[in-house]
2 protein chains.
Amino acid sequence: MDRELLLLGLLRREDMHGYQLTEFINRNLASCVDLKKPTAYYLLDKMVEAGWITRSEEQEGSRPPRHVYQITAEGEAVFQHLLRENLSTHHPARFTDDIGLALLDALSPQEAIPLLERRRAALAAELEQARVIPPHSGAWQYVIDHLVSHLAAELDWLENLLRRLAEGPPAPEG
Amino acid sequence: MDRELLLLGLLRREDMHGYQLTEFINRNLASCVDLKKPTAYYLLDKMVEAGWITRSEEQEGSRPPRHVYQITAEGEAVFQHLLRENLSTHHPARFTDDIGLALLDALSPQEAIPLLERRRAALAAELEQARVIPPHSGAWQYVIDHLVSHLAAELDWLENLLRRLAEGPPAPEG
DNA sequence: TCCTGACTATTCAAAACTGACTATTCAGGG
DNA sequence: CCCTGAATAGTCAGTTTTGAATAGTCAGGA
């Protein structure tokens, strides 16, 4: 329900059409949400069916008509509910992408270290970039801060891992 | 490709059947991978088709026959490739579930604080639990350490946010 | 004026995923 | 011996997601 929450949150600020919604999200919130265009249209359709939003055609000049969405009273109620639920619960993060770490023992440290070095470089670059993002106004900033703090933690952890690997294999000593 | 990598990584240690694979993953790696049973069978089917693994029937006593999977030479090559790729690239984490943060300005601090307090409590509990997990042997430990470091960062960040909210709204001063 | 590449806006067929279900074995109590 | 609940093992119908395609507009250059 998190993407629905986001779409409702944007539509309650102002009416928007589908393309505008996805562009906005992918430009401003790419760091925390990945919402493909077809998925957005799919969700919007479902929300129309559920009565949370309505769709109307907007003709502008000679352009093909666009579908503009607006939130309903019921949608606003759902938004209020979803937002409270979302804020009050902790969603355990999943790190599926990092599963390679569990299989690290398939490689020797000599092989693993250069690979992880490359990862460290990419991560450091992303962190630097995230820190440079100009301070947005209001709540957007929370999302960036949040991201930055996780990237920093990841970098710390990775550097620590590299140190441990360099020091030698975790031989079971007795 | 991350779940394929994991399945290959397990199968190259020993032959396993479908149920065994999903149980193992859900018991030991639930903190970083969410792999539903039907998805696992789906992926295994595809990997058989691709020639990465083979399937054979195993009859044991009066039990219904089980499908046992074993990795092929091609599968081992794919594993080696995927592991190197996975380790060497940084996969930007997504925090879709935390999207409520971007919409925090829909609530007054007075309303938001108790909600976030509940989240803080749940998060702190999970962190404590993760820290208590008995040290696994070998590489499994990396996955736990990784999780712990992110949970700790999340808690820090959340407590910082709560402090900022309590101090007052981020009024634009000039 | 016609062409090209970029942007706007959406759709669709195919792929991927999951909730709910089926079916069997086994251990223990009555 | 029969019943029940838990564990094992897997399947399937329906939902969700996505890569790729469609189709129009617009700006600028040749």
Side-chain angles (χ1 to χ4, degrees), chain A residues 1-7 10-11 14-30 32-50 52-70 91 94 96-97 99, chain B residues 1-8 10-11 14-30 32-50 52-70 82 91 94 96-97 99:
Chain A
M1 281 296 131
D2 30 6
R3 284 117 19 133
E4 284 89 340
L5 171 60
L6 174 57
L7 291 171
L10 293 175
L11 287 175
E14 66 178 317
D15 296 351
M16 294 171 89
H17 56 94
Y19 190 83
Q20 203 178 354
L21 281 162
T22 57
E23 283 299 292
F24 183 87
I25 292 170
N26 291 326
R27 275 183 215 289
N28 298 293
L29 298 170
C32 70
V33 187
D34 175 30
L35 182 60
K36 307 271 194 296
K37 270 187 288 169
T39 309
Y41 284 109
Y42 172 75
L43 293 175
L44 288 167
D45 276 359
K46 285 200 35 179
M47 288 161 70
V48 168
E49 271 183 62
W52 299 358
I53 59 178
T54 56
R55 186 210 325 263
S56 57
E57 300 253 303
E58 186 185 75
Q59 189 77 53
E60 187 191 333
S62 63
R63 298 178 140 286
R66 294 182 301 193
H67 298 158
V68 177
Y69 297 91
Q70 44 272 321
H91 313 273
R94 287 275 141 67
T96 309
D97 291 336
I99 194 59
Chain B
M1 283 294 133
D2 29 7
R3 287 135 20 193
E4 285 89 341
L5 172 60
L6 174 57
L7 291 171
L8 288 173
L10 293 176
L11 288 176
E14 66 179 316
D15 296 351
M16 293 169 91
H17 56 93
Y19 190 82
Q20 204 179 353
L21 282 162
T22 57
E23 283 299 292
F24 182 88
I25 292 169
N26 291 326
R27 277 184 214 289
N28 299 294
L29 298 169
C32 71
V33 187
D34 176 30
L35 182 61
K36 307 273 194 294
K37 264 189 296 170
T39 308
Y41 283 108
Y42 172 76
L43 294 175
L44 288 168
D45 276 359
K46 285 199 35 181
M47 289 162 68
V48 169
E49 270 185 63
W52 300 358
I53 59 178
T54 55
R55 188 211 323 263
S56 56
E57 301 254 303
E58 184 186 77
Q59 189 77 54
E60 187 191 333
S62 63
R63 299 177 140 288
R66 294 181 302 193
H67 298 158
V68 177
Y69 298 91
Q70 43 272 320
L82 287 180
H91 313 272
R94 288 275 140 68
T96 311
D97 291 335
I99 194 59

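Chain naming here is simple, since letters A, B, ... match the order of the sequence lines and numbering starts at 1 in each.
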What is the separation between atom [atom1] on [X] and atom [atom2] on [N], rounded to the nearest whole Å?
{"X": "B:Asp34", "N": "C:dA16", "atom1": "CG", "atom2": "P", "result": "18 Å"}
{"X": "B:Leu21", "N": "D:dT8", "atom1": "CG", "atom2": "P", "result": "14 Å"}
{"X": "A:Asp2", "N": "D:dT17", "atom1": "CG", "atom2": "C1'", "result": "14 Å"}
{"X": "A:Tyr19", "N": "C:dC7", "atom1": "OH", "atom2": "C1'", "result": "6 Å"}
{"X": "A:Leu35", "N": "D:dT18", "atom1": "CG", "atom2": "P", "result": "8 Å"}
{"X": "B:Arg55", "N": "D:dA9", "atom1": "CZ", "atom2": "P", "result": "16 Å"}
{"X": "B:Leu44", "N": "D:dA9", "atom1": "CG", "atom2": "P", "result": "14 Å"}
{"X": "A:Gln20", "N": "C:dT10", "atom1": "CD", "atom2": "C1'", "result": "15 Å"}

Phosphate oxygens OP1/OP2 of [N]: is one of them under 4.0 Å from a side-chain N or O of [X]?
{"X": "A:Lys46", "N": "D:dT16", "value": "yes"}
{"X": "A:His67", "N": "C:dA9", "value": "no"}
{"X": "B:Arg3", "N": "C:dC17", "value": "yes"}
{"X": "A:Tyr41", "N": "C:dT10", "value": "yes"}
{"X": "B:His17", "N": "D:dG10", "value": "yes"}
{"X": "A:Lys36", "N": "D:dT16", "value": "no"}

inquiry  = With a 4.5 Å cut-off on side-chain heavy atoms, are B:Leu8 and B:Met47 touching?
reply    =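 Touching, per the 4.5 Å side-chain cut-off.
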query = Does the side chain of A:Leu35 come within less than 4.5 Å of B:Thr96's, by heavy atoms?
reply =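 No. Closest side-chain heavy atoms not under 4.5 Å.
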Please determine, for the side chain of [X], which listed nucleotide ([options]) has the closest atom?
{"X": "A:Pro38", "options": "C:dT18, D:dT18, C:dT10", "value": "D:dT18"}
{"X": "B:Arg27", "options": "D:dT8, C:dT11, C:dA9", "value": "D:dT8"}
{"X": "A:Tyr42", "options": "C:dT8, D:dT17, C:dC17", "value": "D:dT17"}

Donor-acceptor pair, side chain of [X] and main chain of [Y], under 3.5 angstrom:
{"X": "B:Gln20", "Y": "B:His17", "value": "yes"}
{"X": "B:Arg94", "Y": "A:Ala30", "value": "yes"}
{"X": "B:Glu57", "Y": "B:His67", "value": "no"}

